[in-house]
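Below is one structure; the comments refer to it alone.
Since the structure is predicted, the reported quantities are computational estimates derived from the model, not experimental observations. The figures that follow rest on heavy atoms only: side chains count, while hydrogens, waters and symmetry mates do not.
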Amino acid sequence: ETGVTQSPTHLIKTRGQQVTLRCSSQSGHNTVSWYQQALGQGPQFIFQYYREEENGRGNFPPRFSGLQFPNYSSELNVNALELDDSALYLCASSGQGVDTQYFGPGTRLTVL
Amino acid sequence: AQSVTQLDSQVPVFEEAPVELRCNYSSSVSVYLFWYVQYPNQGLQLLLKYLSGSTLVKGINGFEAEFNKSQTSFHLRKPSVHISDTAEYFCAVTLTKAAGNKLTFGGGTRVLVKP
């Protein structure tokens, strides 16, 4: 186990709704990254937060947004959900001097 | 920009047989390489990584990988697989040693170990 937790495990939403996914980083880690893994594909980088600031973003529209809190936990928010947003959302934490990202178990989002 | 190609989408293999999963990357600068495993309905677990030094890297569960800079490859091998190795395997690259940089993943290779 990596010590990275995510909630909820599964989520079902309808098109146009908004969703918030949560991630609790491994103790001592101050960086969190979010990835989207569509069915049958590799994970794709959404964005990263370091010390509560966005620190890099992949090719995702602005309706994907995030927050990182002082305790380094994090949220991923997606507005105006589309069918193609159905995927496994993974968060990964890392810390200063650490050369590896540690992944949580993911949240599976289904958009109907 | 860097990219990763995993040449085999599925690899069926018999128990106790060897397996090799191929990974090639494209980058104009030096990269750092990782292999992750994903068991059904789970997140990603690190198998091994290449940051520098010896090009032969040993990881967990008997896996090893060899970094070949001239061929821009980082193939993963295991000499004898078990049923429990049935999973999806992802090769990934990043541009810096610091974990605070995005990982670019390949499309994955699904390994099915048959008795």
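For L103(B), the parts lying under 4.5 angstrom from a heavy atom of chain A are both the backbone and the side chain. With a 4.5 Å cut-off on non-hydrogen atoms, Q37(A) touches chain B through its side chain but not through its backbone. Contacts of Q38(B) with chain A are made by side-chain atoms alone, with heavy-atom separations under 4.5 Å and no backbone atom involved.
Side-chain contact check for N77(A) and T20(A): at least one donor-acceptor pair (N or O, by modelled atom type) lies under 3.5 Å. Judged by distance alone, the side chains of S26(B) and N24(B) never bring a donor and an acceptor atom under 3.5 Å apart.
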Legend entry - Test ring pair (Phe, Tyr, Trp, His ring centres under 6.0 Å) applied to Y49(A) and F47(A), step by step: CA-CA 7 Å; Y49(A) 278 80; F47(A) 47 55; 5.4 Å; yes
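Looking only at heavy-atom pairs under 4.5 Å with chain B, the residue among P43(A), G56(A), G42(A) that has the most is P43(A).
For the atom pair CZ of F105(B) and CZ of F34(B), the computed distance is 9.0 Å after rounding to the nearest 0.5 Å.
Test I60(B), L33(B), L76(B) against L48(B) for side-chain contact (heavy atoms from CB on, under 4.5 Å) and you get one pass: L76(B).
Within 6.0 Å of CG in N59(A) there are 12 or fewer heavy atoms belonging to other residues, nucleotides or ligands.
Counting only heavy atoms from C-beta outward, the side chains of V81(B) and V111(B) never approach each other to under 4.5 Å.
With sequence neighbours excluded, the residues forming a side-chain contact (heavy atoms from CB on, under 4.5 Å) with E20(B) are R22(B), H75(B), R77(B), listed by chain and number.
Taking 4.5 Å as the heavy-atom cut-off, none of the residues of residues 5-15 of chain B approach chain A.
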